[in-house]
Amino acid sequence: MFKLINDDCFNLMKTIPDNCIDLILTDPPYNIAQYSTGNIFLPKRKPINNDIANWDKNSINPHNLVYDFKRILKPTGNIFIFTGYNKLGQWHEAFDKEFDTFQIFIWHKTNPPPKIYKNGFLNSCELIVCLWNKGHTWNFSTQKEMHNFFECPICSYPERLKSPYHPTQKPIKLLKHLISIASNPKDLIFDPFMGVGSTGIASLELNRRFAGCEINKTYFKACFDRLNSVYH
Ligand SMILES: C[S@@+](CC[C@H](N)C(=O)[O-])C[C@H]1O[C@@H](n2cnc3c(N)ncnc32)[C@H](O)[C@@H]1O
């Protein structure tokens, strides 16, 4: 079962009842456009595309999300939020005092974009803020699974959509790892910034229910078609 809404999630969340979501797994804009130095030019080769999507410029203030996230989440629920290092402090400031635990999970990309001039570290890690209260769902089977670190490549074809291309489409393998640990079959997973619906596919593949919201019409349609082509 899934429900997709084409709206601004700040409006949508006001209509969601209290204590009904088991897991919020979401990937809001990182707001990194101000740090981008544009495309990477290479001698005698095509430049590496380093465009930042326009939607990344819409500033997301974690203080404006904490009330509704807390309200709609069940007491046994978990929250995972992808973010960049530039916003980590804001997420901590807004959310840490509202939950028993605030932890960081790292996704290590095994194939990050190269830096051919060797003038800095590769951007090979992404941060995921993890939040929960006492009594939350946690399904670890091994100590290895408990590492707050997961390695897998960035999304590539055929999983990655060609049209529309979404610059931050997340890999299903990573999302399934997080969903398996932090929810149970038939649980309701919510992604308010769902892009082209990767959290939805991962949720349904694991027999969870999914509710998602996306403001951009083109991404929303792609997500709708993607989920409908697999699940009716
Ligand atoms: C980082 S992307 C998510 C990508 C997604 N994880 C995937 O794999 O496709 C963030 C998405 O949030 C959407 N967005 C930005 N502001 C929004 C808002 N206020 N309400 C709903 N969606 C929003 C953007 O259009 C963008 O597609």
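None of the values given here were measured: they were computed from a predicted structure. One-based numbering, in listed order, for ligands and for the atoms of each.
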**Request:** Mark up the atoms of ligand 1 that fall under 4.0 Å of a heavy atom belonging to D7, in ascending order.
**Result:** 20 (N), 21 (C)
**Message:** Atom NZ of residue position K3 - does it have more than 12 heavy atoms of other residues, nucleotides or ligands inside 6.0 Å?
**Reply:** no
**Message:** Can you tell whether the side chains of K134 and D100 come within less than 4.0 Å, N to carboxylate O?
**Reply:** yes
**Message:** Quick test: of every protein heavy atom, which one is nearest to atom 15 (C) of ligand 1, and how far off is it to 0.1 Å?
**Reply:** P29 CG, 3.7 Å
**Asked** Heavy atom under 4.0 Å from ligand 1: found in F193's side chain, backbone, both, or neither?
**Response** both
**Message:** Does the Lys NZ or Arg CZ of K109 fall within the cation-pi geometry relative to W107 - under 6.0 Å from the ring centre and within 45° of the axis?
**Reply:** yes
**Message:** Could you tell me, atom by atom, which parts of ligand 1 come under 4.0 Å of a heavy atom of K170?
**Reply:** 6 (N), 7 (C), 8 (O)
**Item:** K162 NZ/CZ over Y157 ring centroid, <6.0 Å and within 45° of normal
**Value:** yes
**Complete:** Logged contact type for T199 with ligand 1, heavy-atom cut-off 4.0 Å, is neither
**Asked** For ligand 1, which atoms have a heavy atom of P192 less than 4.0 angstrom away?
**Response** 21 (C), 22 (N)
**Request:** Give the residue and atom name of whichever protein heavy atom lies nearest to atom 6 (N) of ligand 1, and the separation in Å to one decimal.
**Result:** D27 OD2, 2.8 Å
**Request:** Scan F105, W138, F99 and name whichever one has a ring pair (Phe, Tyr, Trp, His ring centres under 6.0 Å) with W132.
**Result:** W138
**Message:** Checking contacts here: is it the side chain or the backbone of F10 that comes within 4.0 Å of ligand 1, counting heavy atoms only? Could be both or neither.
**Reply:** side chain
**Message:** Out of all atoms in ligand 1, which are within 4.0 Å of some heavy atom of H166? Include the element for each.
**Reply:** 2 (S), 4 (C), 26 (C), 27 (O)
**Message:** Under 4.0 Å from a heavy atom of S198: which atoms of ligand 1 are those, numbered in the order shown and with their elements?
**Reply:** 7 (C), 8 (O), 9 (O)
**Item:** For M194, atoms of ligand 1 separated by under 4.0 Å from a heavy atom
**Value:** 5 (C), 7 (C), 9 (O)
**Prompt:** Can you name the closest pair of heavy atoms from P167 and R160 and give their distance?
**Reply:** O-NH2, 4.0 Å
